[in-house]
Protein chains: 2
Amino acid sequence: MPYGCRVTHPSPDPSRLRPAGLATRTAIEDAARTLFAERGFDGASVRGIAGEAGVDPALVIRHFGSKEALFLRTVDTSLGIGSVLDGPLEDVGRRLVAYFLDPARPVIRQRYVALAQAAHHDQVREEMNRHTAETYVAPLAPRLAGADAELRVALAVAQLAGLLDLLFLQRDPILTAADPAAVIATYGDAIQRLLTPPGPEDA
Amino acid sequence: MPYGCRVTHPSPDPSRLRPAGLATRTAIEDAARTLFAERGFDGASVRGIAGEAGVDPALVIRHFGSKEALFLRTVDTSLGIGSVLDGPLEDVGRRLVAYFLDPARPVIRQRYVALAQAAHHDQVREEMNRHTAETYVAPLAPRLAGADAELRVALAVAQLAGLLDLLFLQRDPILTAADPAAVIATYGDAIQRLLTPPGPEDA
DNA sequence: GTCTATACGCGGATAGAC
DNA sequence: GTCTATCCGCGTATAGAC
């Protein structure tokens, strides 16, 4: 064993060898989806994904070009928000917070962590910015009254991202221990006020 | 040159050799502060810091235990907010946003990026949570009227973090292009409402 | 075209001689 | 305390077998 650089994957474990052929790409994509979700972008290695898929690590790069490109191909940057924004504008703030806090959707948390970890790659960053513009700003800004509609939507997205950041990445103890209903009410209303500031005639 | 694994640092560049002796730790700390600020946590390598300090890379680990420990030792996790929170409670929201957006304080941006990149290390995360509790929650929560004072401060911190995240890490184009004065007013007031919600007798 | 084997250059971290 | 020589893992590249 002359070299110290590659010792880990002597051969792709014959017990899980692919039947060879065209399904290789799919196997890699499936393994990537699983491992990116389980371990995040940094925690999932190209070699690990290859091992899980039963292929050679070099094939992963050969097929997808880079780890970043594989990530962009497999992980859905849209977090499934579209439907949440469709409802009435008056309580979209609370609905957004409730959507992300719903314990029945643990996938959301996984995807957010993976996306945040991958955000230092330029193309992932750009995809996320594109997603913000398309998913949040484009449908929401035209429905808002008042000045700076686009800016206010962007600020609402920032506010939402901050909550997810402290909850899912930072794991702030106060927010983690807090009653979800209180967070949904307080923070949801705060987001709401950015989008539809209460007029003076409001009770 | 038999091995492919280490080719980069043949020797620590005699032109910048330390005078040897006791100042080594200080030299490493200075170099670490500089490079962590310039390139962030991931971008600054132990070998790079050692080169900048004129010492052997192994010495860095020998002295500080790990890159994470060196980071915690050198980078000030407090971002100098203490004084901002001391003033009147009525407009602390705007003051906070203005403090972080002030272009005269580019160091803030650098430190935030470095901290965020290092946040996937457990000890750095814990230090940031400790910092949030000590710097924000402890001094601010007792001054707030109403229920859930601690939670509301934590939510305000989350809201602030979201803005920094989209501005400094994500580099959202809308927020980047926005008028800072508008952001300070709109977002600062939104944070303010979490801390001191306007009563019904408010004009 | 697909896949294997081997390699490169980087990263953080360690053992043990001086 | 300091430094040499490694170690192992990472993402990636490439030559060449099938």
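What you see is a predicted model, and the numbers here were worked out from it, not measured in a lab. Chain letters run A, B, ... following the sequence lines, proteins first and then strands; every chain starts at 1.
Rounded to an integer number of Å, the gap from CZ of F41(B) to P of dG11(C) is 13 Å. A straight line from CZ of F71(B) to C1' of dG12(C) spans 16 Å, rounded to a whole angstrom. Taking atom CD1 of I49(A) as the reference point, atom P of dG9(D) lies 17 Å away to the nearest angstrom. To the nearest angstrom, P of dC3(C) lies 11 Å from CZ of R25(A). Summarising the geometry, the separation between CG on L70(A) and P on dC10(D) is reported as 15 Å, rounded to the nearest angstrom. Nucleotide dG12(C) holds its C1' atom 16 Å from the CG atom of L35(B), rounded to whole Å. Atom CG of L59(A) is separated from atom C1' of dT6(C) by 14 Å (rounded to the nearest Å). The separation between F36(A) atom CZ and dG11(D) atom P is 9 Å, rounded to whole Å.
Here salt bridge (Lys or Arg N to Asp or Glu O under 4.0 Å) pairs that include residues 72-90 of chain A, with residues two or more places apart or in two chains, number zero.
Of the side-chain N and O atoms in H63(A), none sit less than 4.0 angstrom from OP1 or OP2 of dG1(C). At dC10(C), none of the side-chain N or O atoms of S45(B) fall inside 4.0 Å of OP1 or OP2 (strictly under the cut-off).
With sequence neighbours left out, Q110(A) forms a side chain to side chain donor-acceptor pair (under 3.5 Å) with no residue at all. For R125(B), the salt bridge (Lys or Arg N to Asp or Glu O under 4.0 Å) test picks out D122(B), with sequence neighbours left out.
Between H131(B) and Y136(B), the two ring planes are perpendicular [angle over 60°; tilted spans 30° to 60°].
Without hydrogens or angle criteria, Y112(A) side chain to L79(A) main chain gives no donor-acceptor distance under 3.5 Å. One N or O on the side chain of R95(A) and one on the backbone of P88(A) form a donor-acceptor pair closer than 3.5 Å. Side chain of D172(A) to main chain of L175(A): a donor-acceptor pair is present (N/O by atom type, distance under 3.5 Å, no hydrogens or angles).
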I'd like a table of atom pairs between the protein and nucleotides 13-18 of chain C - only N or O on both sides, under 3.5 Å - with the distance next to each one.
| from | atom 1 | to | atom 2 | distance (Å) |
| --- | --- | --- | --- | --- |
| dA13(C) | OP2 | K67(B) | N | 2.9 |
| dG16(C) | O6 | R62(B) | NH2 | 3.4 |

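Two end axes, each from the C1' atoms of five base pairs, can be drawn for the helix from dG1(C)-dC18(D) to dC18(C)-dG1(D); they diverge by 20°, to 10 degrees.
At a threshold of 4.0 angstrom between heavy atoms, the contacts of A69(B) with the nucleic acid are absent.
Taken to the nearest 0.5 Å, the CG atom of L160(A) stands 11.0 Å off from the CD atom of Q159(B).
Only at 4.0 angstrom or more do the heavy atoms of residues 114-127 of chain B sit from any atom of DNA chain C, so none qualifies.
Heavy atoms of other residues, nucleotides or ligands lying less than 6.0 angstrom from CD of E68(B) number more than 12.
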